[in-house]
> 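Okay, handing you the structure first.
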Amino acid sequence: MKKMLQLLLVLLVIAGGAQAQKMGVKVLNEEEVPAEVKATHDRLFPGVKVIRWEGHKWVNKNDKERGKIVAVFDYEGVRTRARYRPNGKALSASSYYKADQLPASVASAAARYEGFELKGGSKTWSLKDTSKAPVYKLRLRKGAQVLSVFVDEQGNEIEKNKLSEELQEDEE
């Protein structure tokens with residue numbers, strides 16, 4: 001039995017290493033963040049201090065390496081992440097809320113899921129097209145079952161596949 005557990009552990013480590021090659025996150029020093037990204041961030045969020053910069057890399061379905069820079073900071077009293085391409089192009093931002101911090105119209109959508117408890121949610125908005133309305137992602141739980149639901153500001157459900165790519169991005 002002990003040998004079986006050791007073998008399982010080795011296989012998990014190998015599988016985890018293969019996944020790490022597909023996607024990686026690195027905490028960046030201030031000097032590693034491209035000047036274009038810092039300039040865009042300062043323009044969009046003036047006077048807001050970045051807590052941490054992250055570099056995200058992944059390989060997409062066409063085996064092309066992609067990357068983004070993520071700024072983690074507090075915005076309007078809420079932990080927020082803004083996403084940028086390394087050339088400074090702004091993508092999206094997400095703020096993360098506890099259940100009692102969500103707007104009532106958004107939180108009310110959870111009532112449609114009988115037996116599920118609203119645990120929290122995030123608000124994601126486009127930084128490249130400010131005419132797009134923000135989208136909320138609600139985290140619901142019923143025992144071990146977890147459910148993510150996308151809604152608009154009025155609490156109307158939105159299918160994930162109908163969201164633009166930048167509004168689907170989220171790193172929880």
Side-chain angles (χ1 to χ4, degrees), residues 19 23-28 30 33 36-58 60-61 66-86 88-172:
Q19 181 62 26
M23 182 163 60
V25 177
K26 177 186 176 199
V27 174
L28 302 175
E30 183 82 20
V33 178
E36 299 87 352
V37 172
K38 290 184 208 175
T40 302
H41 183 77
D42 289 343
R43 180 177 48 79
L44 294 171
F45 301 97
V48 175
K49 182 179 177 354
V50 174
I51 296 168
R52 180 178 68 249
W53 289 100
E54 298 172 352
H56 291 236
K57 286 188 177 179
W58 71 95
N60 69 12
K61 62 185 174 190
R66 300 288 307 249
K68 64 185 169 190
I69 308 291
V70 177
V72 179
F73 54 98
D74 289 328
Y75 183 64
E76 298 176 348
V78 180
R79 184 57 47 100
T80 301
R81 302 169 70 84
R83 299 164 196 84
Y84 306 94
R85 289 280 176 242
K89 180 180 174 186
L91 298 173
S92 65
S94 298
S95 292
Y96 300 89
Y97 300 92
K98 295 178 183 172
D100 62 353
Q101 295 175 308
L102 288 163
S105 60
V106 171
S108 68
R112 291 186 217 120
Y113 297 89
E114 191 174 321
F116 281 86
E117 179 185 358
L118 177 61
K119 301 307 274 180
S122 60
K123 171 185 169 184
T124 300
W125 66 99
S126 176
L127 294 175
K128 65 181 183 181
D129 183 355
T130 56
S131 68
K132 290 182 181 176
V135 173
Y136 288 84
K137 179 181 176 184
L138 304 179
R139 291 186 320 276
L140 307 171
R141 176 173 234 124
K142 180 181 187 179
Q145 190 177 3
V146 177
L147 186 62
S148 293
V149 177
F150 292 90
V151 299
D152 63 18
E153 293 176 295
Q154 290 75 42
N156 301 309
E157 193 165 335
I158 304 169
E159 292 179 37
K160 183 177 181 175
N161 63 355
K162 295 200 174 165
L163 298 174
S164 61
E165 183 181 337
E166 77 267 14
L167 293 180
Q168 290 183 34
E169 294 201 31
D170 194 357
E171 311 86 14
E172 287 191 60

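Note that this is a predicted model, so its numbers are computed, not measured.
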> Quick one: pull up CG in Asn161 and CZ in Phe150 and give me the separation to the nearest 0.5 Å.
10.5 Å
> Would you check, one step at a time, whether the test side-chain hydrogen bond (donor to acceptor under 3.5 Å, both in side chains) holds for Arg83 with Ser92?
CA-CA 5 Å; Arg83 299 164 196 84; Ser92 65; 3.0 Å; yes
> Nearest 0.5 Å please: distance from the CG atom of Leu102 over to the CG atom of Leu138.
6.5 Å
> Quick one: CD on Glu153 to OG on Ser105, what's the gap to the nearest 0.5 Å?
7.5 Å
> Supply the atom-to-atom distance Leu91 CG to Ser126 OG, rounded to the nearest 0.5 angstrom.
8.5 Å
> Can you check side chain to side chain contact (heavy atoms under 4.5 Å, CB included) on Asp74 and Thr80, steps first, answer last?
CA-CA 6 Å; Asp74 289 328; Thr80 301; over 6 Å; no
> If every non-hydrogen atom of Asp152 is compared with every non-hydrogen atom of Val106, which pair is closest and at what distance?
O-CG2, 3.8 Å
> What are the two closest heavy atoms between Ile51 and Phe73, and how far apart are they?
CD1-CA, 4.0 Å
> With a 4.5 Å cut-off on side-chain heavy atoms, are Tyr136 and Pro103 touching?
yes
> Any idea which heavy atoms bring Gly155 and Ala109 closest together, and the distance?
O-CB, 3.5 Å
> Output the distance between atom OG (Ser95) and atom CH2 (Trp125), rounded to the nearest 0.5 Å.
3.5 Å
> Counting the benzene-type ring for Trp, do Tyr75 and Phe45 have ring centres under 6.0 Å apart?
yes
> Show your reasoning for whether side chain to side chain contact (heavy atoms under 4.5 Å, CB included) applies to Arg141 and Leu147.
CA-CA 6 Å; Arg141 176 173 234 124; Leu147 186 62; over 6 Å; no
> Between Lys38 and Glu30, does any NZ, NE, NH1 or NH2 come within less than 4.0 Å of an OD or OE carboxylate oxygen?
yes
> Dump the intermediate steps for salt bridge (charged side-chain N to carboxylate O under 4.0 Å, His left out) on Arg81 and Glu54, then the final yes or no.
CA-CA 10 Å; Arg81 302 169 70 84; Glu54 298 172 352; 2.4 Å; yes
> Taking the side chain as everything from C-beta on, heavy atoms only, tell me whether Lys123 gets closer than 4.5 Å to Tyr96.
no
> Quick one: are Leu140 and Lys119 in side-chain contact, heavy atoms under 4.5 Å?
no
> Could you go step by step and tell me if Asn156 and Val151 meet the side chain to side chain contact (heavy atoms under 4.5 Å, CB included) rule?
CA-CA 5 Å; Asn156 301 309; Val151 299; over 6 Å; no
> My understanding is that only one of Lys68, Lys128, His41 makes a side-chain hydrogen bond (donor to acceptor under 3.5 Å, both in side chains) with Tyr84; could you say which?
His41
> Under 4.5 Å between any side-chain heavy atoms of Ile69 and Trp53, yes or no?
yes
> Once you round to the nearest 0.5 Å, how far does CG of Leu118 lie from NZ of Lys98?
13.5 Å
> Ignoring hydrogens, what is the shortest heavy-atom contact between Pro86 and Gly67? Give both atom names and the distance.
CD-O, 3.6 Å
> Check the pair Arg139 / Val146 against side chain to side chain contact (heavy atoms under 4.5 Å, CB included), numbers first and verdict last.
CA-CA 7 Å; Arg139 291 186 320 276; Val146 177; 5.7 Å; no
> So do Lys89 and Thr40 actually touch side chain to side chain, heavy atoms under 4.5 Å?
no
> Could you check if a side-chain atom of Arg79 sits within less than 4.5 angstrom of a side-chain atom of Val72, using non-hydrogen atoms only?
yes
